[in-house]
Every structure is written in C-alpha cells, then in structure tokens.
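Worksheet: one structure, shown below.
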Amino acid sequence: MAEPETTRHQSTLGATLAGILDRSKRNRPDIQLLPEHRLDGLQVLVTGANKGLGLGISTLAAQRGATVWMACRSDGTEARRKVITAAGHDRVHLLSLDLMDISTIDALAHTLAERGVELDVVICNAGMVPVQARDSGAGLNAMNHVNWLAKPALLQALIREGVLQPGRTGPIPRVIFVGSESHRSAPPIDFDEAASFRDFPTSQVVAEYGKSKLLLHTWVSEFIRRMGPAEDSGLPLLSVHHLCPGAINSSIAREAPGWMQPLLKLTFALFFQAPLKAAEPVIYLAAAPELEGTTGTYLHMKQRKEPSAASRDPELGRRIHDLADHLIETRLRA
Ligand SMILES: NC(=O)c1ccc[n+]([C@@H]2O[C@H](COP(=O)([O-])OP(=O)(O)OC[C@H]3O[C@@H](n4cnc5c(N)ncnc54)[C@H](OP(=O)(O)O)[C@@H]3O)[C@@H](O)[C@H]2O)c1
C-alpha cells in the first residue's frame, strides 16, 4: 500500500503554510490562459457556482463567451447578477443543486434535458470542509459525499439524460474536477471507512479533507482510463482533466472555529489567490485548443504534474469505481 507522499496537509497550520509556500514559488508556468482561449457558443455547467472559485469560474467562462449554467445549493441570484455584469451578456442561468440530495442531482439533469441542453463542459467544483465529522444523511461522511461520491452521481445523471454525451460526434465534451494537492498527504484508502460514517474531531478535519480528495482523484484517474481512447477513432469518449487550484481567498474555511476566523481571514486575504485568478487554469482546461482530443491532464495551479502514485493505481481505481456505483445504488438511491 502506498504511503502518503507528503505530510504537508495533515493539519490546518500545515495546509495553510503549504498554500503560502506554493504561491511564493516562482516556477515558470507550464500553461497560460490566453485571450484566444474562448468558449463562444459552448454550454458550461459549474457546480458550487455562487461563491469562491465557482463564482470565479462562472465569471471567466461567461466573459469568454460561454452560456453558463450555475448550479448552486444556496441562493445564486446575486452571484448570477455579478456574472452577467462582468460578462456583458445574460446567457447565465441558475440551477438548484444540493450534492447531498440525489433528487436535486436528478432534477438538474432532467431540467437541462428538457431545455434541450447538450453540455460541452462540466466543471465539478463544489466542495466543503465541515468543522467536524457530519453524517451526510446517507450513512457517509459529508465531506466524502460532497467532495467525491456526488461527482460520479452527477455525471451518471447527466449521461443518462443525454445532456452529457461521451463519444458524441464533434468536439469531445470536457469534464473538469477541482481537487486538491492535499490528496498527497492522505494515508492509503480505507474502503470500509469510505463507505461509512466515522466520527472525527475538529483537529482532524484537514487530514480528513485530504482523504476525501484522494477518493476523488483515485476515482477520476479511473474515469480517465474508462473514458479513454475509443478503438475506432483513437480519441477519448470524454476529455477528463483535474487540478488543484492552489490556495484561494474563498469561504472554504467558513466553518472553522470562531477563534480561528480572524487569523484565517487575514491570512487568506494577504497570501491566497483571488478566485478569478485561481479560475484561470480551470478555464484553460475547458478552453485550450491544444487539449482537444486529449485526456488526463493534472495541474497544480499552472504547473503540469502527475497526481499521486496512489491515486493512479489501477486496482485501487477499479475498487473505488465499484464502491461508488454500489453506494450510489444502495445508499443515495435507497
Ligand atoms: N480554497 C482553497 O484554498 C482551495 C484549495 C484547493 C482546492 N479547493 C477546492 O476548490 C473548490 C471550491 O472551493 P472554494 O474554495 O471556492 O470554497 P467555497 O467558497 O466554500 O465554495 C464552495 C462551493 O461549494 C458549494 N457546496 C458546498 N457543499 C455543497 C453541496 N452539498 N451541494 C452543492 N454545493 C455545495 C458551496 O455552496 P454553499 O454556498 O451553498 O455552501 C459553494 O458554492 C472545492 O472543491 C475545494 O475543495 C479550494
């Protein structure tokens, strides 16, 4: 079993320092979002679109010509207004989505199908960090549910409704997952734990977040293999990419204990990226013409990397896929 590649993200302090250090490195970027990277005429779905990175992604996508479907759990009216103002057009639509409630996932896919939408880009951005362990209502850890399991559930629903079409004629749809470098600090996947609710204290939250992101990146790596090149065309059925956007001045730590809030807010404001800036590599993955016909890019901010070796293990990938399918059927749809 592969041990963690690093211990940088096993505590709040460690993760915060790692975020600051990563931002201060002056590595030459491997990718650049250029003005010609456009999304004109494309239909783009963004989850967690009402704030933080999701709002940045929605804004940049709309500014680059996309019709944006902003999937939000909370009221997104104000966020939509901001995107319309920034983009100068109103091809910006709100959809309701609570990733812990599969009926809203199904309803979203159905609504898009009824409106005749065929998605060109799906950006699975929504994520959460609770203050301590929370049952999602399906006998699962809420963080694992939102940060991992709800993503396959959403994609299954979109594909079932024909809103997302793997292997369609024409440009290959792109699916982008927002993950985190914290997956490298996670211990080997405990499959029993992933399928159950286990209590943990506030001091463990950041380590547990890394575990949820390891589940995600392991699942994504397998999804990349499964959506890989078709025999006849040699092209992937879906272009699947994932990334860590780096530390962002967002509300991800909003549930942190009150005594931590002033320090976290100050640190985030001083050292972390603005969401619009952090959205650039996401939009690069969605729009860059050089990625047409490719799959499996992983970025850490603007650096190309491989995700952790553990997350790329095909046997673990097969098991995590099987587990996701099983949990969706037996817990989310029970
Ligand atoms: N912030 C960072 O430093 C950082 C670093 C690496 C990776 N990331 C990743 O970046 C992504 C965006 O996070 P952020 O920093 O922008 O955090 P954020 O400001 O807290 O935004 C999170 C978004 O996810 C939504 N969300 C949470 N639970 C949901 C649920 N059950 N159903 C539907 N939507 C839900 C939130 O909706 P509500 O407004 O309704 O809560 C919000 O729109 C996450 O995947 C996160 O793990 C963040």
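Scope of the values below: all heavy atoms of this structure, side chains included, with no hydrogens, waters or symmetry mates. Read the numbers this way: they start at 1 and go in the same order the structure lists the ligands and their atoms.
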Check your understanding: How far is atom 16 (O) of ligand 1 from its nearest protein heavy atom, and which residue and atom is that?
Key -> Leu53 N, 2.8 Å
Practice item. Flag Phe272 as yes when one of its N or O atoms lies below 3.5 Å from any N or O atom of ligand 1, and as no otherwise. Key: no
Check your understanding: Under a heavy-atom criterion of less than 4.0 Å, does Phe268 contact ligand 1?
Key -> no
Considering only distance and modelled atom types, tabulate donor-acceptor pairs under 3.5 Å from the side chains of residues 162-174, sequence neighbours left out.
| unit_1 | atom_1 | unit_2 | atom_2 | d |
| --- | --- | --- | --- | --- |
| Gln165 | NE2 | Gly162 | O | 3.0 |
| Arg168 | NE | Pro171 | O | 2.8 |
| Arg168 | NH1 | Glu118 | OE2 | 3.1 |
| Arg168 | NH1 | Asp120 | OD1 | 3.3 |
| Arg168 | NH2 | Asp120 | OD1 | 2.8 |
| Arg168 | NH2 | Pro171 | O | 2.9 |
| Arg174 | NH1 | Leu285 | O | 2.9 |
| Arg174 | NH1 | Ala286 | O | 3.4 |
| Arg174 | NH1 | Ala288 | O | 3.1 |
| Arg174 | NH2 | Ala288 | O | 3.0 |
| Arg174 | NH2 | Glu292 | OE1 | 3.4 |

Point to revise | contact_flag Cys72 ligand 1 heavy-atom lt 4.0 Å | key: no
Study note, to complete from the structure: Closest to atom 32 (N) of ligand 1 by heavy-atom distance, out of Ile248, Leu99, Ile105, is Leu99
Review point. Does at least one non-hydrogen atom of Gly246 fall below 4.0 angstrom from an atom of ligand 1?
Key: yes
Exercise for review: Before giving the answer on side chain to side chain contact (heavy atoms under 4.5 Å, CB included), spell out for His217 and Ser308 the whole-Å C-alpha distance, their side-chain angles and the decisive distance to 0.1 Å.
Suggested key: CA-CA 8 Å; His217 288 293; Ser308 74; over 6 Å; no
Check your understanding: Non-hydrogen atoms of Ala247 versus ligand 1: any pair closer than 4.0 Å?
Key -> yes
Review point. Does Arg319 make a cation-pi contact with Phe191 (under 6.0 Å, within 45 degrees of the axis)?
Key: yes
Check your understanding: Which of these, Ala150, Cys244, Gly179, has its nearest heavy atom closest to atom 7 (C) of ligand 1?
Key -> Gly179
Check your understanding: Under the side chain to side chain contact (heavy atoms under 4.5 Å, CB included) test, which residues partner Thr294, sequence neighbours left out?
Key -> His241, Leu291
Review point. Just checking, any donor-acceptor pair under 3.5 angstrom between side chains of Asn144 and Glu193?
Key: no
